[in-house]
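Protein chains get the first letters and strands the later ones, always in sequence-line order, with residue 1 at the start of each. In this text the structure is predicted, and so the values were computed from the model without any measurement.
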Amino acid sequence: DQQVKQNSPSLSVQEGRISILNCDYTNSMFDYFLWYKKYPAEGPTFLISISSIKDKNEDGRFTVFLNKSAKHLSLHIVPSQPGDSAVYFCAATNFGNEKLTFGTGTRLTIIP
Amino acid sequence: DTAVSQTPKYLVTQMGNDKSIKCEQNLGHDTMYWYKQDSKKFLKIMFSYNNKELIINETVPNRFSPKSPDKAHLNLHINSLELGDSAVYFCASSHWGLASEGDTQYFGPGTRLTVL
């Protein structure tokens, strides 16, 4: 049972435009959500997170939006840069729990 | 200044062999993990250890045996390797539990295991 889903396996965006990556979850007990970025032959690196008491969290060019009623979150990258080309994983858990449940990732390609 | 390191990076072996993957973290974390990323790119937790004690065991076959000699190390030993064990294995570490926003797990670079 896949509790965290990223339905778009890939996304191409022009440099300078907005990239929007989506993630859906089914477990209503999740209250903490994270985005990781992964380059080839490297491990995932933490990008940004959001707790369920918020609906938006921003860090520089990266903003994560959470819609609890829809069990949906999205990552916005503005403006997109070539170095943003990577696989992005959404993950979810409960606060105090060390078990992360990951989506299958979205490969983002930024076109110069 | 590597935070989470794994060795080897690549491992190619025959079915039936026994192999180990080593992981070390220098972040002072008390919790370490092993994840498996299969051919479908699912990244799934296998084990977690807190202060050398096993906390999570996600119904992994008992051919897989993690060993934590101290808080900074978590090794993965795999007996009688099977074709289906081919995957990328990631080690990770964190402080115990994810207690506040910004808390995260830090991942190693992965070990690509190929069983022939």
Side-chain angles (χ1 to χ4, degrees), chain A residues 1-10 23 29-60 62 64 66 73 86-108, chain B residues 2-10 21 23 25 27 29-51 53-60 74 88-112:
Chain A
D1 173 33
Q2 207 180 327
Q3 298 185 66
V4 178
K5 298 179 186 179
Q6 293 175 257
N7 292 318
S8 299
S10 62
C23 177
M29 299 300 290
F30 288 146
D31 59 8
Y32 185 44
F33 305 89
L34 306 91
W35 284 95
Y36 286 84
K37 176 179 178 179
K38 186 184 178 303
Y39 292 119
E42 293 184 14
T45 55
F46 173 69
L47 200 54
I48 192 169
S49 62
I50 188 167
S51 69
S52 60
I53 62 171
K54 294 183 178 179
D55 52 22
K56 176 182 172 182
N57 191 24
E58 199 169 346
D59 183 2
F62 303 93
V64 56
L66 176 62
L73 61 155
V87 177
Y88 289 78
F89 288 95
C90 168
T93 188
N94 312 104
F95 270 123
N97 188 340
E98 66 284 349
K99 181 179 170 184
L100 289 178
T101 301
F102 281 86
T104 48
T106 296
R107 180 177 300 278
L108 175 64
Chain B
T2 305
V4 183
S5 59
Q6 295 178 228
T7 52
K9 195 161 175 66
Y10 299 95
I21 307 171
C23 178
Q25 55 96 2
L27 296 167
H29 291 154
D30 51 14
T31 308
M32 295 185 73
Y33 315 80
W34 278 109
Y35 284 83
K36 178 181 179 180
Q37 186 180 32
D38 61 22
S39 56
K40 294 182 181 172
K41 306 302 180 190
F42 281 108
L43 194 61
K44 271 198 78 172
I45 191 165
M46 300 171 68
F47 302 102
S48 91
Y49 268 72
N50 175 255
N51 280 320
E53 279 193 43
L54 180 65
I55 303 299
I56 293 176
N57 181 341
E58 285 289 302
T59 57
V60 176
L74 181 62
V88 182
Y89 292 84
F90 289 99
C91 178
S93 73
S94 73
H95 291 297
W96 170 245
L98 296 170
S100 58
E101 195 163 296
D103 280 358
T104 183
Q105 295 175 9
Y106 294 81
F107 285 80
T111 295
R112 181 175 292 277

Exercise. For side-chain contact (heavy atoms from CB on, under 4.5 Å), just list the numbers for A:Lys99 and B:Tyr33, CA-CA rounded to whole Å, side-chain angles, deciding distance to a tenth of an Å, and then say yes or no.
Key: CA-CA 9 Å; A:Lys99 181 179 170 184; B:Tyr33 315 80; over 6 Å; no

Self-check item: Taking every non-hydrogen atom, the tightest pair across A:Leu34 and B:Asp103
Solution: CD2-O, 3.5 Å

Exercise. Compare every heavy atom of A:Glu42 with every heavy atom of B:Phe90, then report the nearest pair and how far apart it is.
Key: CE2-O, 3.8 Å

Quiz item: Is it the backbone or the side chain of B:Thr104 that comes under 4.5 Å from a heavy atom of chain A, or both, or neither?
Solution: both

Self-check item: Proximity breakdown for B:Lys9 and chain A, heavy-atom pairs closer than 4.5 Å
Solution: side chain

Self-check item: Closest-packed option against chain A by number of heavy-atom pairs under 4.5 Å, given B:Arg112, B:His95, B:Glu58, B:Gln6
Solution: B:Glu58

Exercise. Specify which of B:Ile45, B:Ile56, B:Ile55, B:Leu43 makes the most heavy-atom pairs with chain A at under 4.5 Å.
Key: B:Leu43

Quiz item: Can you tell which of A:Thr93, A:Ile50, A:Thr45, A:Asn94 has the highest number of heavy-atom pairs within less than 4.5 Å of chain B?
Solution: A:Ile50

Exercise. Report the option among A:Phe46, A:Phe89, A:Tyr39 that has the most heavy-atom pairs separated by less than 4.5 Å from atoms of chain B.
Key: A:Phe46

Practice problem: Tell me, with the steps shown, if B:Gln105 and A:Tyr36 meet side-chain contact (heavy atoms from CB on, under 4.5 Å). | Solution: CA-CA 10 Å; B:Gln105 295 175 9; A:Tyr36 286 84; 4.0 Å; yes

Self-check item: Distance flag, aromatic centroids of A:Phe102 and B:Tyr35, threshold under 6.0 Å
Solution: yes

Quiz item: Quick one: are A:Gln2 and B:Phe42 in side-chain contact, heavy atoms under 4.5 Å?
Solution: yes

Quiz item: Measuring from A:Arg107:CZ to B:Lys41:NZ, what's the distance to the nearest 0.5 Å?
Solution: 7.5 Å

Exercise. Could you look at A:Ile48 and say if it's the side chain, the backbone, both or neither that has a heavy atom under 4.5 Å from chain B?
Key: neither

